[in-house]
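Computed from a predicted model, the values in this text were never measured in an experiment.
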Amino acid sequence: MRYSRLFLAVLFLLFLPQRGLPAESASSGFGSSATSSAGSGADSGTDAAMGTFPTSSTPVAGVGAAPSITTSASDAKELALRDSALRTEDQSQIAQGKITPVKSSFQSFVESATGRKLDVFGRELFRNVPSTFSPLNAVQVNPDYVIGSGDVLQIRGWGMVSIDVNAIVSRNGDIYLPRVGSINVAGVKYRDLQGYLKKAVGRIFKNFELSASVLQTRSVQIYVVGHALRPGAYTLGSMSTLLNALFASGGPSVTGSMRNIKLNRGGEQPVTFDLYDILLHGDKSSDLPLKDGDVIHIQPVGPLVALFGDVKNSAIYELKQNNTLAEIVEWAGGFEALSGVQNVIIEKSVDNHYQTVVELKSDLSTIEKKLEDIHVNPTDIIRVVAPGAAPLEVKVEREFVRVDGEVKESGVFELVKGETLRAFVARIGGVTDKAYVFGTRLNRESVRREQQQKIDESVDRYEKDIDANAKQRISGSSDPSQGAVIAAELDSQRNLVKRLRMVKSEGRIILNLKDFNANIGDLPDFPLQNGDVVYIPEKPSTVNVIGAVYQQNSFMYQPGRYATDYVQLAGGVSSTGDKSEMYRICADGTARSNRQGGYNGAINPGDAIVVPEKIQRGAGLVQNLKDFTSILYQFGLGAAGLATLKTL
């Protein structure tokens, strides 16, 4: 019995379907067109890529008296597409996948020494792995493309001969045309193919025209070895280059070199490929087309040096020879300076301390020339300080303020040094008879930025609170129906977050005027700044009631009426309204609430009465809509800001 079980296990292993994949590719979760089967040579690689096509020698009757040679293009491609379906899926997974960045030991050392995360120069080129499978209808065949074994040619002729053939170039480099015979096309450039075939057919037929194109290119199998992210065997299109193979394999690993990549081809002299040529100069002269059986060997990474500070691209760079500091700065894009560089300080990390190597004060060309005399050593950490690169605040000598609304003269005016709001309005001629000084708006850009930052921080805290609260409630509940209720509440609260993120601060400064009868003399002696905007509106004749009432509307202002009177005019508080949280936003930007008192005091023209909705406060939930309406009116957003939320 024991031996019978062993025998069955051996049989199972023998008949188990196998599919070769690079070891790293299979474990990393990326699909690939690669196979680790080194036994497939040029011919087998071609067959795998191209599939089995109907023979070009199968004639199909044409139309008319002229001889006809036809095969179906769809039939010719069907088997190849079916054979490559799995490979195409693998390659699409590579295109959609992202390489997780891994730090090298030198990167970790630089980060611990400087507190900064520096990437290896050129690594971003392989961040997102692109697709290496490109259908022919999406790729233009290069005129210098050389026809070879495995290519599929589409040949059509008309006139004295009717030809419609999809012919596969055989291993001998021939294609076969019925009534014409074998034609050797191996080695013919694509630009010359049509004339070459027309001449061959012209030996038998006269008075005809012919067109020829490449329906599908052959494939080549290459090998990526050494310090690659995913070494293995890869099947690529015949128009692929060395750089395409690097993309397919994910590029050099953290221990692989960007500057020393060898292309080995048979008995030929290896060719060295340096990615810096492309990254720095756009030079692709060493990016050679691939041939079947090529081996790409990524060498170990060379000496590294870190450069950061006032340069355009702080990064870790790989040295290839005795490089100078001038070369490293050039790789980094030069100095980062707002004006011409006239002073550069070079420091190097020695025993966890920066020591000044040189300080240069001159014009840029002289500084660059002197940097050529400074050689860098492996593992150097170099900091560049260019004092002219630091952005400084521009000092404003002349300050201007814009004023609009019900003033005698509107426009942009230059401020007198130390001028206040009251003095400024009086100097430009005062206000008109329609002016509503109580509603004066003073907006300032610095205040707007500060207010917006606080609003954003409050929304961020609220969003974190609702997520944490929902997780806590779900983890403590075993009832599925309760979980659905919590999910619905969370969805509603997230919609509220989206609305809150739409609220934008205006930068209004509250002036704290006494009442709606205020005049110019009641304006505060508040110093104005450059860029301030002053707006004095026309005196309104209405009071707004918004929120959870039966009829949101604007009502005619009448002296002696209270907030409750206007709420009754709006139909009263609805069943979803919260009476205890009602508040009033005054025309001057201040607010009065039931909590603080003064809500039902004297109403001013232009005031807005807000009736919030009842909102269920979950356990541990710190913020809700009522808290945010408080924030809004404290920031001077007023009814305009609340209009963003009232549709919730």
Side-chain angles (χ1 to χ4, degrees), residues 99-127 227-229 246 250-261 273-281 298-338 341 343-360 364 367-391:
I99 299 174
T100 303
V102 179
K103 294 180 184 177
S104 65
S105 57
F106 185 66
Q107 278 182 285
S108 301
F109 169 69
V110 171
E111 184 176 345
S112 62
T114 66
R116 300 187 52 166
K117 296 180 180 180
L118 297 183
D119 200 1
V120 176
F121 180 68
R123 187 73 64 197
E124 67 278 1
L125 191 64
F126 302 98
R127 282 287 183 262
H227 295 262
L229 188 65
L246 291 177
S253 65
V254 292
T255 60
S257 174
M258 292 276 182
R259 312 202 58 188
N260 191 9
I261 301 171
F273 180 67
D274 188 347
L275 276 169
Y276 277 31
D277 291 339
I278 292 179
L279 294 170
L280 296 173
H281 312 296
I298 301 179
Q299 304 293 316
V301 65
L304 298 173
V305 61
L307 180 71
F308 72 100
D310 294 328
V311 290
K312 290 185 172 65
N313 187 14
S314 298
I316 294 173
Y317 296 90
E318 183 179 352
L319 307 178
K320 196 172 183 180
Q321 50 192 3
N322 295 324
N323 297 106
T324 65
L325 186 56
E327 292 177 290
I328 310 298
V329 172
E330 182 184 359
W331 297 346
F335 298 108
E336 185 70 80
L338 301 178
V341 176
N343 185 14
V344 172
I345 302 171
I346 305 298
E347 297 178 335
K348 184 169 72 171
S349 176
V350 179
D351 296 331
N352 294 326
H353 291 86
Y354 287 113
Q355 294 183 0
T356 300
V357 177
V358 64
E359 181 173 358
L360 304 173
L364 180 59
I367 290 175
E368 290 176 342
K369 188 173 182 180
K370 290 183 178 180
L371 291 180
E372 294 177 357
D373 298 329
I374 302 175
H375 290 270
V376 295
N377 299 315
T379 71
D380 276 351
I381 300 177
I382 300 171
R383 183 172 73 167
V384 177
V385 180

What is the minimum heavy-atom distance between Pro252 and Met258, and which atoms define it? CG-SD, 4.1 Å
Quick one: CG on Leu246 to CD1 on Ile261, what's the gap to the nearest 0.5 Å? 4.5 Å
Run through Val311, Val357, Leu307, Val329 and flag the one making a side-chain contact (heavy atoms from CB on, under 4.5 Å) with Ile382. Leu307
Are Asn343 and Glu359 close enough that some pair of their side-chain heavy atoms sits under 4.5 Å apart? yes
Pairs in or reaching into residues 367-377: which pass side-chain hydrogen bond (donor to acceptor under 3.5 Å, both in side chains), with residues at least two apart or in two chains? none
Taking it one step at a time, do Trp331 and Asn323 satisfy side chain to side chain contact (heavy atoms under 4.5 Å, CB included)? CA-CA 11 Å; Trp331 297 346; Asn323 297 106; 3.7 Å; yes
Tightest non-hydrogen contact, residues Lys312 and Gly333, listed as CD-O, 3.2 Å
Can you establish whether the number of heavy atoms outside Lys117 located under 6.0 Å from its atom NZ is more than 12? no
Over all atoms of both residues, closest heavy-atom pair of Phe308 and Thr114: CE2-CG2, 3.8 Å
Shortest non-hydrogen separation from Asp380 to Phe106 and the atoms involved: O-CZ, 4.2 Å
Kindly state each residue pair satisfying salt bridge (charged side-chain N to carboxylate O under 4.0 Å, His left out) with at least one member in residues 318-331, sequence neighbours excluded. Asp274-Lys320
Glu111 (side chain) donor-acceptor with Leu118 (main chain) under 3.5 angstrom: no
Is it the case that the side chain of Ser257 and the backbone of Gly302 share a donor-acceptor pair, with hydrogens and angles ignored and the cut-off at 3.5 Å? no
Sequence neighbours excluded, the answer for ring pair (Phe, Tyr, Trp, His ring centres under 6.0 Å) partners of Phe121 is Tyr276, Tyr317
Heavy-atom side-chain proximity of Thr324 to Leu371 below 4.5 angstrom: no
Taking only residues two or more places apart in sequence or in another chain, which ones pass side chain to side chain donor-acceptor pair (under 3.5 Å) with Arg123? none
Taking the side chain as every heavy atom from C-beta outward, state whether Ile381 and Phe109 have any atom pair closer than 4.5 Å. yes
Distance col, row Leu275:CG vs Phe126:CZ, nearest 0.5 angstrom, shows 5.0 Å
For Asp119, all residues meeting salt bridge (Lys or Arg N to Asp or Glu O under 4.0 Å), sequence neighbours excluded: Arg127
Is there a side-chain contact between Ile316 and Gln107 (heavy atoms, below 4.5 Å)? yes
Heavy atoms only: give me the nearest Val110-Ala306 pair and the separation to one decimal. CG2-CB, 3.8 Å
Count the heavy atoms of every other residue, nucleotide or ligand shown that sit under 6.0 Å from NE2 of His353, and state whether that count exceeds 12. no
Output all residues satisfying side chain to side chain donor-acceptor pair (under 3.5 Å) with Thr356, sequence neighbours left out; order by chain, then residue number. none
Hey, are the side chains of Leu319 and Ile328 touching, using non-hydrogen atoms and a 4.5 Å cut-off? yes
